[in-house]
Every structure is written in structure tokens, then in C-alpha cells.
Amino acid sequence: MSPSLTPASLAFAPDGTPVSKTFDDIYHSADGGPGQARHVFLQGNDLPAGWAGRRQFVILENGFGTGLNFLATWAAWRDDPLRPDKLHYLATEMHPLQVADLEQVHRAWKPLEFLAEALRNAWPELMPGWHRLEFAAGRVVLTLLLGDAESSLRQLRASVDAFYLDGFDPNRNPKMWSPALLRRCAQLAAPNASFATWCVAGHVRRALSEAGFAPEKRPGFGSKRQMLAGRLITRRRQATPAPRDERHHAVVIGAGLAGCAIAERLAVRGWQVDLFDRDATPASAASGNLAGIVRPLLSRDDNLASRLNRACFLHLQRSLHRLDQAGYPPRRRFNGLLQIARDAADEIGQRELLATSGFPDSFARFVEPPEAARLLGAQTPLGGWWFPAGGWANPPSLCHAWLAKGGAGIAFHGNSAIAGLRRLDQDWVLLDGTGRVMASAPVVIIATGACPEMTSFPQTAHLPIQPIRGQVSHLPAGTLPALQHAACCEGYLTPAVDGMHCLGASYAKDTFDELRASEHVENLHRLARILPTATQSFDVHALSGRVGFRATTPDHLPLVGALPNLDAALPSDLRLPAFPRHPGLYGLLGLGSRGLVWAALLAEHLAGLINQEPLPLPGDQTDAIDPARFALRAQRRAG
Ligand code: SAM
């Protein structure tokens with residue numbers, strides 16, 4: 001799959017109505033965009049009355065376009081005293097508008113000015129994939145599914161209350177009205193879900209009926225005589241969702257990046273979280289490093305791991321921005337990161353990949369050796385990938401920022417190692433090493449990284465997590481050529497942070513937790529690959545550094561979701577969704593050396609699973625990180 005996306009080609013009709021040159025059609029009624037949004041899409045779906053008093057309401061729009069329907073819906077939500085606590089707005093879009101084009105269009109809608117500006121400020125890089133944006137302190141969540149609507153909806157995991165069907169004219173844009181797409185909408189529909197559209201074409205009406213909706217004609221907007229609206233009447237039998245515990249109390253075990261990230265995601269949803277850690281302070285284990293690097297992962301075929309990493313990388317930037325705005329800025333410098341080619345063959349591959357990827361330069365570009373040398377501040381024989389938004393961050397400051405943002409919703413309990421986990425009635429009871437009860441809660445999230453707790457719980461002991469020791473060397477500032485940007489090759493090197501460059505990291509399959517001179521030597525070999533001109537010699541017996549343990553998995557993907565229950569009877573239909581789970585017991589585990597990049601989006605994903613919200617990750621990625629995948633494969637192998 002090519003990661004490129006063709007942005008919209010915008011023009012204006014003589015009366016000022018925005019027009020797509022690609023489809024030769026108007027974005028909204030010439031009789032007025034906001035009026036059409038309210039009449040066709042809001043009233044057509046019985047909104048705002050239909051969402052009154054709901055905890056959560058989910059809208060799916062096919063064809064985000066200028067964002068007008070979204071802005072009109074957000075305004076209606078804002079002005080409604082009976083609004084739902086949370087509005088999830090999912091929107092497909094194959095040709096997103098550039099932000100400058102959005103601005104031109106938005107100028108015409110004065111009453112929506114303030115919201116439109118917030119949308120433009122949050123507008124993502126135009127790359128295929130899913131981009132989750134938050135507004136109104138996280139109560140209005142917009143998930144943009146950039147790419148073809150039909151393939152996006154095939155991957156969507158959500159229960160939709162209202163559909164806005166707003167493709168261009170079906171004669172010019174048949175893919176937005178295909179029977180397959182409308183069938184998929186019906187599959188995603190919550191019981192009694194509604195839909196509305198300005199389109200009354202006979203074949204669209206028939207396709208809607210065949211999909212299970214009951215379309216009826218209603219008076220249209222402006223010069224359009226009619227429109228269609230209706231509800232879902234027939235539906236396939238769906239798996240009943242697990243009953244939700246409404247106490248909104250969770251225990252999180254492990255206060256590293258994963259644990260702090262999920263604690264914050266639950267706290268902002270109104271949960272009370274008790275966060276336990278064996279150490280006295282958060283971020284004391286693997287997440288305690290002085291600086292880690294932040295970059296995406298590219299692959300020639302843009303494989304699942306690359307797509308997941310890209311989504312996480314982009315989401316992290318938004319998450320950090322929110323922390324800044326809340327007054328808790330984590331320490332970091334995202335002024336660009338250089339990934340130097342390993343050798344001449346790798347350099348050719350790197351150059352080719354970016355020549356054909358279609359990625360915007362603001363995300364990644366190939367730099368030839370002279371430019372790489374300029375960025376590095378030192379000669380380098382090879383070029384590399386330049387990620388302008390990459391850099392380094394200080395993981396403990398990110399953990400503390402998440403905890404601060406969670407505020408009173410998070411209670412941290414240090415020096416509190418949990419040694420056992422037992423199910424009692426509707427709750428999990430957490431025990432210390434002496435069998436004393438430490439806490440109980442309906443929901444428990446295990447986020448212990450590579451700490452020994454992992455293997456002491458029977459519920460997680462079977463998970464294939466392997467601790468891999470990693471030693472970072474700290475090189476005093478002034479001992480290397482001045483370095484402005486983080487750089488990596490077969491290791492990584494940061495600019496000086498608190499007077500120290502971080503150089504890492506070794507890989508060893510043992511549990512020794514003190515510094516080793518031999519691993520400093522290995523790291524200095526890594527330094528020679530990144531900065532061949534660094535000539536300073538170091539006494540490896542005197543160098544400082546830090547040892548941490550990465551929690552790795554056999555497929556290098558994390559374990560995120562409900563934990564499998566290996567003692568329960570297996571269903572005959574052995575697939576991931578049907579695999580038996582421990583009720584209320586979740587994992588956010590196996591983040592390897594990517595915790596810094598992954599934690600924010602994976603935590604949002606897990607919070608979505610726990611709260612039965614639309615998921616921010618596509619179905620293939622959701623399954624690829626499901627903690628039950630290894631148990632499922634083992635069962636299948638066993639026949
Ligand atoms: N609702 C929009 C608004 O408020 O401005 C107007 C939508 S416009 C009528 C139709 C949109 O569908 C365009 O933005 C177009 O790029 C998008 N579109 C067309 N074909 C698509 C496809 N196959 N998948 C996803 N989006 C598509």
C-alpha cells in the first residue's frame with residue numbers, strides 16, 4: 001500500500017460554493033452549507049433530541065470534506081444542555097483539504113469561526129491512516145479515517161448511532177454509495193441507528209433498504225425537493241457486548257509510561273484510578289531513562305508495524321501538545337532526528353523508499369551526505385532519513401505530566417509491589433507478598449513492563465514477554481562534536497540533556513541490573529557508526545549510564561487488550577473475538593523499546609476497549625496487538 005494521499009483540489013463556484021475539481025461537484029448545497037448541515041444531517045437524524053441524556057453518542061460521516069457537518073454538529077452539541085458526555089465523530093475522507101483551503105472555505109461561516117479555527121489548528125498531516133483529534137477537553141472526539149471509505153469502514157470497530165451519508169453525486173462518486181459500503185454501515189450500526197442524506201437516487205434508496213435501513217423521503221433543503229432519512233430495522237445477530245461495570249474504578253499495576261498513560265486516559269474519562277508500583281516513584285524502571293528517541297518506523301511495503309508506528313508517532317505529538325496546553329509540558333526537543341543509513345546498500349534503499357513513498361517532507365525526507373553532515377554537525381559518509389518532527393524526550397517527565405493531568409482522578413501508591421491477583425465476585429482483589437489485601441477493583445490493568453510481577457500472576461505468566469537488558473552510556477557534554485539533533489544508526493545518540501549525551505543501547509538476555517564496562521564498549525562502537533569523527537577516548541570503567549529492561553514479544557508488537565483466560569472452555573468457533581477472557585482484566589504490555597512512541601495511542605486504544613468506544617486503531621492492528629493472539633495460535637496448532 002502506498003502511504004500517499006491526494007489532497008482535495010478545491011475551486012469555488014461563482015456564487016462562492018466550494019467545488020471539488022476532482023469530482024466536478026459542490027461540497028454543499030448552493031442554498032447554504034450550515035443550513036443544509038442542520039436540516040439534512042442533524043434534523044434528519046433527529047439531533048440534538050436523539051442524543052439527549054446519553055453517556056456517549058457516535059456519528060459516522062461518509063465524506064468529511066470541508067468539515068462543515070462536523071462543525072455544525074459540534075456547535076449543536078455545545079449549545080445543548082442535554083448533550084451526551086462524549087461525542088465521537090468518525091469521518092471517512094479520501095481527498096482531505098489542505099489547511100489553507102479549509103481556511104478559505106471556513107471564512108464564509110462566521111458563527112462557526114471559533115470551532116473552525118480549533119479544527120484547523122488540530123488538522124493532521126495529510127497521510128493515510130486514522131487520526132484522532134480531541135476538542136472540548138476530550139468530550140468531542142473526531143477520528144478522521146483518511147483513505148478510501150469502503151476499506152476504512154471494513155477496518156472500523158465501532159457501534160454507530162447516526163450516519164451522515166454525504167458523498168458527491170452518485171453518478172460522479174459511485175464508490176460512496178455502493179451497496180457494499182451501505183451494507184458495512186448497517187453492520188456498524190447500533191440498534192435503532194439512524195441515517196440521513198440529501199441523496200434520493202433510486203438505486204441508493206434500494207441499496208439502503210437491502211442493507212437493513214428503512215429509508216423514507218422527507219422535505220429536502222433549499223431548492224432540493226426531497227431528502228432521505230430513516231432507521232435501521234433489520235440487523236444480523238450481533239455478539240452481545242460484555243456488561244459494563246459502571247463504577248469507573250480501576251487499578252493499574254506499574255507506573256511506567258504504559259501505566260501512567262492509561263491512568264490519564266481513564267482519569268479524563270471520569271474514572272478513579274489507583275496506580276500501584278513496586279518502586280517509590282513513578283518511572284523508576286525502564287521508563288526512567290534520561291532521554292529516549294522519538295521517530296517513526298518506515299518499511300518498503302508500509303507494513304502493519306510501520307502503519308502502527310506512524311499512527312503512534314503522530315498521536316504522541318498531539319498528546320504532548322495537549323499536555324503543554326494543560327500546563328504540564330513534558331521535557332523534550334522535537335527539532336528533527338537523523339536516521340543514518342547503515343551502509344551503502346541501506347542508503348540506496350532509504351533513498352528509494354522515500355522517493356516513492358509520497359510522504360510529505362514535513363514527515364520524512366532523504367538527505368544526502370552533505371546535508372546529513374550539516375544536520376549532524378560532523379562529517380558523515382552516508383546520508384539518511386530526516387524526520388523533522390522527531391527528536392528526544394525525557395520519559396519520566398512524560399509520566400509525571402500524565403499523572404498531573406489526571407489530577408485527583410489518579411492516586412499513586414509507591415513501594416507497593418502487587419504479588420497476587422484473585423477474582424472475588426465482581427472484583428479483582430490485589431494482594432501483596434504476604435497475602436495482605438492491597439486493593440480491589442472491577443477493572444485491573446497490568447502495565448508492569450518487564451518487571452517480575454508479570455510472571456508471578458497466573459493470569460499473565462503465559463504471555464511470551466522476554467525481558468531484554470539495555471544499557472545506556474552517558475557521555476558528558478563537551479566530549480563530542482556539538483550535536484543539535486538526535487541521531488541514530490544501529491544505536492542512538494541524543495544531544496546533551498542535563499549535561500549528558502545518551503548513547504544506547506545494548507541488548508542482553510540476562511537480568512543483571514548493574515552497569516557493565518563491556519556494554520559501554522558496545523555502545524562506543526555504536527557511537528563510531530553515528531559520529532565517525534568523534535575521537536575522544538572514554539574510560540569505560542568510569543562512564544556513567546543506566547540499565548533498563550525492555551519487555552519484548554516474539555513478533556515485536558505490544559499486547560494491548562483484555563487478557564485471555566486459558567482455563568475457560570474454548571468455543572468451537574476459535575477466533576480472536578470469541579477467545580475467552582478474564583472479565584475486567586487488561587494488559588498494556590510488551591512495549592519493548594518503543595514505549596515512548598507507543599504509549600499515548602495504545603493507552604487511548606485500551607481506554608476505548610474498556611469503555612466500549614469506537615477504537616482509534618483499525619481492526620487489523622487491533623487484532624495484531626491483541627494479548628490473546630499467541631494463545632489462539634497455540635490452540636490452533638494443537639488442533
Ligand atoms: N460533508 C462534507 C462537508 O461537510 O463539507 C462534504 C462532503 S463532499 C459532498 C463528499 C466528500 O467525499 C469529499 O470530500 C470527497 O473527497 C469524499 N470522497 C469521495 N470519494 C470518497 C471515497 N471513496 N472515500 C472517502 N471519501 C470520499
Side-chain angles (χ1 to χ4, degrees), residues 1 5-13 16-42 44-45 59-76 89-99 101-109 112 115-116 119-120 123 126-131 142-156 162-182 184-185 195-199 201 204 220-222 224 227 618:
M1 188 190 89
L5 198 68
T6 311
S9 173
L10 180 74
F12 288 92
T17 310
V19 173
S20 158
K21 289 199 255 181
T22 316
F23 292 92
D24 188 22
D25 198 4
I26 47 177
Y27 274 92
H28 59 69
S29 163
D31 299 314
Q36 180 194 31
R38 284 189 293 269
H39 178 90
V40 176
F41 296 104
L42 279 151
N45 278 295
I59 294 175
L60 170 62
E61 170 168 49
N62 270 333
F64 186 76
T66 65
L68 173 57
N69 292 339
F70 166 67
L71 295 172
T73 306
W74 178 7
Y89 196 101
L90 311 160
T92 60
E93 181 51 64
M94 172 124 115
H95 301 295
L97 270 77
Q98 307 269 18
V99 76
D101 287 340
L102 281 178
E103 216 223 320
Q104 271 203 68
V105 178
H106 291 173
R107 256 182 239 148
W109 313 326
L112 296 172
L115 305 186
L119 172 64
R120 292 196 304 276
W123 199 237
L126 299 190
M127 281 187 276
W130 298 10
H131 308 257
L142 169 63
T143 308
L144 286 168
L145 317 179
L146 298 188
D148 175 58
E150 198 181 320
S151 38
S152 297
L153 294 195
R154 232 180 289 132
Q155 294 290 345
L156 182 62
F163 293 87
Y164 293 3
L165 304 180
D166 196 14
F168 286 121
D169 184 310
N171 293 321
R172 299 163 204 247
N173 189 195
K175 284 182 88 178
M176 285 296 260
W177 308 96
S178 74
L181 184 86
L182 298 175
R184 181 64 190 143
C185 287
F195 80 91
T197 177
W198 54 267
C199 174
V204 170
F221 174 73
K224 259 193 125 8
M227 59 171 273

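For ligands, and for the atoms within them, numbers begin at 1 and follow the listed sequence.
One finds the CD atom of Q155 at 6.5 Å from the CH2 atom of W130 (value rounded to the nearest 0.5 Å). In this structure, the separation between OG1 on T66 and OH on Y27 is 8.0 Å, given to the nearest 0.5 Å.
The shortest N or O to N or O distance between M176 and ligand 1 is not under 3.5 Å. Residue-to-ligand polar distances place L68 within reach of ligand 1: an N/O pair is separated by less than 3.5 Å. Note: an N/O pair closer than 3.5 Å links M94 and ligand 1 by distance alone. When only interatomic distances are considered, the shortest N/O to N/O separation between T66 and ligand 1 falls below 3.5 Å. Of the polar atoms of K175, none of the N or O atoms is found under 3.5 Å from an N or O of ligand 1, judged by distance alone.
Closest heavy-atom approach to atom 3 (C) of ligand 1 within the set F70, F64, Y27: this belongs to F64. For atom 14 (O) of ligand 1, the nearest non-hydrogen atom from the set R172, E93, Q36 comes from E93. Proximity annotation for atom 8 (S) of ligand 1: of T6, N173, D166, L181, D166 comes nearest, heavy atoms only.
Of all heavy-atom pairs between V204 and C199, the closest is CG2-SG, 3.9 Å.
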Trace of the side-chain hydrogen bond (donor to acceptor under 3.5 Å, both in side chains) decision for S20 with D25: CA-CA 6 Å; S20 158; D25 198 4; over 6 Å; no
side-chain hydrogen bond (donor to acceptor under 3.5 Å, both in side chains) evaluation trace for D166 with N69: CA-CA 9 Å; D166 196 14; N69 292 339; 3.0 Å; yes
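The protein heavy atom nearest to atom 23 (N) of ligand 1 is D148 OD1, 2.8 Å. Shortest contact from atom 12 (O) of ligand 1 to any protein heavy atom: G63 CA, 3.4 Å. From the protein, the heavy atom lying nearest to atom 24 (N) of ligand 1 is A149 N, 2.9 Å. At the top of the distance list for atom 13 (C) of ligand 1, counting protein heavy atoms only, stands F168 CE1, 3.4 Å.
Every atom of ligand 1 with a heavy atom of G147 under 4.0 Å away is listed here by number and element: 24 (N), 25 (C). Each of the following atoms of ligand 1 lies closer than 4.0 Å to a heavy atom of F23: 19 (C), 20 (N). Less than 4.0 angstrom separates some heavy atom of E61 from each of these atoms of ligand 1: 1 (N). Heavy-atom contacts of G167 reach the following atoms of ligand 1: 9 (C), 10 (C) (cutoff under 4.0 Å).
Side-chain contact between E93 and E61 is absent, with no heavy atoms from C-beta onward closer than 4.5 Å. Using a 4.5 Å heavy-atom threshold, the side chains of T143 and H131 count as separate.
Using a 4.0 Å cutoff on heavy atoms, A8 does not count as a contact of ligand 1. Using a 4.0 Å heavy-atom cutoff, H28 is absent from the residues neighbouring ligand 1. At a 4.0 Å cut-off, not a single heavy atom of S152 sits close enough to ligand 1 to count as contact.
A side-chain donor-acceptor contact under 3.5 Å links N45 to the backbone of F163. The main-chain N or O of L97 is never found under 3.5 Å from a side-chain atom of D101 such that the two would form a donor-acceptor pair.
At a heavy-atom cutoff of 4.0 Å, ligand 1 is contacted by no atom of Y164, backbone or side chain. Neither the backbone nor the side chain of E150 has a heavy atom within less than 4.0 Å of ligand 1.
The ring of Y164 has its center no closer than 6.0 angstrom to the ring center of F195.
Between F70 and F64, the ring planes are tilted. Angles from 30° to 60° get that label.
H95 pairs by the ring-ring contact (aromatic ring centres under 6.0 Å, His included) definition with F23, not counting sequence neighbours. Residues meeting the side chain to side chain contact (heavy atoms under 4.5 Å, CB included) test with E150, sequence neighbours left out: D148, R154, S178, A180, L181.
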